[in-house]
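As a basis for the values below, the full set of heavy atoms in this structure was taken, side chains included, without hydrogen atoms, waters or symmetry mates. Counting from 1, the numbers follow the sequence of the chain as shown.
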Amino acid sequence: MSKKVLIISTSLRHGSNSDTLADEFARGAVEKGHQVEQISLKDKQISFCRGCLACQKTQKCVIKDDAGIIVEKMKEADVLVFATPIYYYEMSGQMKTLLDRSNPLFAADYKFRDIYLLATAADEAHSALERAINGLGGWIECFPQCLLKGVVYGTGASEAGDIKGMPALQEAYEAGQRI
């Protein structure tokens, strides 16, 4: 059964390692017959959540920027994939800002059930991703029908392109195939 997969790449660096992981995940999912859309936050304007909670009544944010369109796509996807570089042992700020702005989904009839995290870090230890996994886990807990189905650890990748030839690339591809 074909699923709608939305991959959100949160790196602002051109040719980033997390974008490369996202591309491999997409390739694996497409080969298995899934519909895949990739969104990069590179050229998007996403403001901080104001905490007004109007979205809990309307399922729409009062802020008019690119987040509204992305959040609507998130709502309609069966599978969400977040690709992020790790900054100071945490997800990127732009990823966290988007997660905060997805508050309209909390009271909505969202379709997503499976969540994946693709993360890259200069540090070689898998533990470098723990805070990002926990941060995404806190967001997932607000959506009781969802599970973190997989994490790809792209560790030891600092400069753009470092991820090429590393095991994480194959792991991302295989995760896309397993959806």
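- Across Ser2 and Gly33, no two heavy atoms sit closer than the pair OG-O, 2.9 Å.
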Between Gln94 and Ile46, does a side-chain contact (heavy atoms from CB on, under 4.5 Å) hold up when you go through it step by step?
-> CA-CA 8 Å; Gln94 40 292 359; Ile46 301 175; over 6 Å; no
Candidate pair Leu41 and Thr97, rule side-chain contact (heavy atoms from CB on, under 4.5 Å), full reasoning = CA-CA 11 Å; Leu41 298 188; Thr97 299; over 6 Å; no
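- At distances below 3.5 Å, not a single donor-acceptor pair connects side-chain atoms of Gln145 with backbone N or O atoms of Arg113.
- Scanning both residues, Ile86 and Ala128, for their nearest heavy atoms gives CG2-O, 3.7 Å.
- Here the closest non-hydrogen pair linking Ala121 and Leu129 is CB-CD1, 4.0 Å.
- Under the 4.5 Å side-chain heavy-atom criterion for ILVMFWY residues, no single connected hydrophobic cluster contains both Ile63 and Met74.
- A side-chain donor from one of Glu31 and Tyr173 sits under 3.5 Å from a side-chain acceptor of the other.
- The pair Asp109-Lys75 does not meet the salt-bridge criterion, since no charged nitrogen lies less than 4.0 angstrom from a carboxylate oxygen.
- Note: Glu90 CD to Arg131 CZ = 8.0 Å, rounded to the nearest 0.5 Å.
- In terms of modelled atom types and a separation under 3.5 Å, the side chain of Lys64 and the main chain of Cys61 share a donor-acceptor contact.
- A salt bridge links Glu76 with Lys111; the closest basic N to acidic carboxylate O contact falls under 4.0 Å.
- For Glu124, the CD atom counts as loosely surrounded, since its 6.0 Å shell holds 12 or fewer non-hydrogen atoms of other residues, nucleotides or ligands.
- His34 contributes a side-chain N or O that, together with a main-chain N or O of Lys3, makes up a donor-acceptor pair within less than 3.5 Å.
- Between the CZ atom of Phe112 and the CD1 atom of Ile140 there is a distance of 9.0 Å, given to the nearest 0.5 Å.
- Put simply, the side chain of Cys49 reaches to within 4.5 Å of the side chain of Arg101, judged on heavy atoms.
- In this structure the side chain of Leu105 never reaches within 4.5 angstrom of the side chain of Gln59, judged on heavy atoms.
- Nearest heavy-atom pair, Leu136 versus Met95, reported as atom, atom and distance to 0.1 Å: CD1-CE, 4.1 Å.
- By the criterion of side-chain heavy atoms lying less than 4.5 angstrom apart, applied directly or through intervening Ile, Leu, Val, Met, Phe, Trp or Tyr residues, Phe143 is grouped together with Ile70 in one hydrophobic cluster.
- Taking CG from Leu148 and CH2 from Trp139, the interatomic distance works out to 11.0 Å, rounded to the nearest 0.5 Å.
- Clustering ILVMFWY residues whenever any of their side-chain heavy atoms sit less than 4.5 angstrom apart, transitively, puts Leu6 in the very cluster that holds Val151.
- Taking 4.0 Å as the cut-off between side-chain N and carboxylate O, Arg27 and Asp23 do not count as a salt-bridged pair.
- The environment of Arg13 atom CZ is dense: over 12 non-hydrogen atoms of other residues, nucleotides or ligands sit within 6.0 angstrom.
- The hydrophobic cluster containing Val81 also includes Val5, Ile7, Leu21, Phe25, Val30, Val36, Val79, Tyr116, Leu118, Val152, Ile163, Met166, Leu169, Ile179, under a criterion of side-chain heavy atoms closer than 4.5 Å among ILVMFWY residues, counted directly or through chains of members.
- Side chain of Asp162 to main chain of Glu159: a donor-acceptor pair is present (N/O by atom type, distance under 3.5 Å, no hydrogens or angles).
- Sparse packing is recorded around NZ of Lys96, with 12 or fewer heavy atoms of other residues, nucleotides or ligands lying under 6.0 Å away.
- Judged by distance alone, the side chains of Thr84 and Ser18 never bring a donor and an acceptor atom under 3.5 Å apart.
- The shortest side-chain heavy-atom distance between Tyr89 and Ser127 does not fall under the 4.5 Å cut-off.
- Annotation: side chain of Phe82 is in contact with side chain of Leu99 (closest heavy-atom distance under 4.5 Å).
- Listed for the Asp19 side chain is no donor-acceptor partner under 3.5 Å among the backbone atoms of Gly15.
- Remark: side-chain polar atoms of Asp114 are not paired, donor with acceptor, to backbone N or O of Lys149 under 3.5 angstrom.
- Salt bridge Glu37/Lys4: absent, no basic N to carboxylate O contact under 4.0 Å.
- Cluster membership check: Met91 does not share its hydrophobic cluster with Leu12, using side-chain heavy-atom separations under 4.5 Å among Ile, Leu, Val, Met, Phe, Trp and Tyr.
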For Thr120 and Tyr153, run side-chain contact (heavy atoms from CB on, under 4.5 Å): C-alpha distance rounded to whole Å, both residues' side-chain angles, the deciding distance at 0.1 Å, then the answer.
-> CA-CA 6 Å; Thr120 58; Tyr153 294 83; over 6 Å; no
Please lay out, stage by stage, how Glu130 and Ile133 fare under the test side-chain contact (heavy atoms from CB on, under 4.5 Å).
-> CA-CA 5 Å; Glu130 286 178 8; Ile133 294 166; 5.6 Å; no
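- Between Cys52 and Val62, the closest side-chain pair of non-hydrogen atoms falls below 4.5 Å.
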Determine, stepwise, if the pair Lys60 / Glu72 fulfils salt bridge (Lys or Arg N to Asp or Glu O under 4.0 Å).
-> CA-CA 9 Å; Lys60 301 280 183 206; Glu72 191 59 34; 3.4 Å; yes
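- Closest approach of His126 and Thr155 over heavy atoms only: CD2-OG1, 3.8 Å.
- The OG atom of Ser102 lies 11.0 Å from the OH atom of Tyr110; values are rounded to the nearest 0.5 Å.
- Residues Ser40 and Ser9 have side chains that never bring a donor and an acceptor to within less than 3.5 angstrom of each other.
- Nearest approach of Thr10 to Ser92, heavy atoms of both residues: OG1-OG, 3.0 Å.
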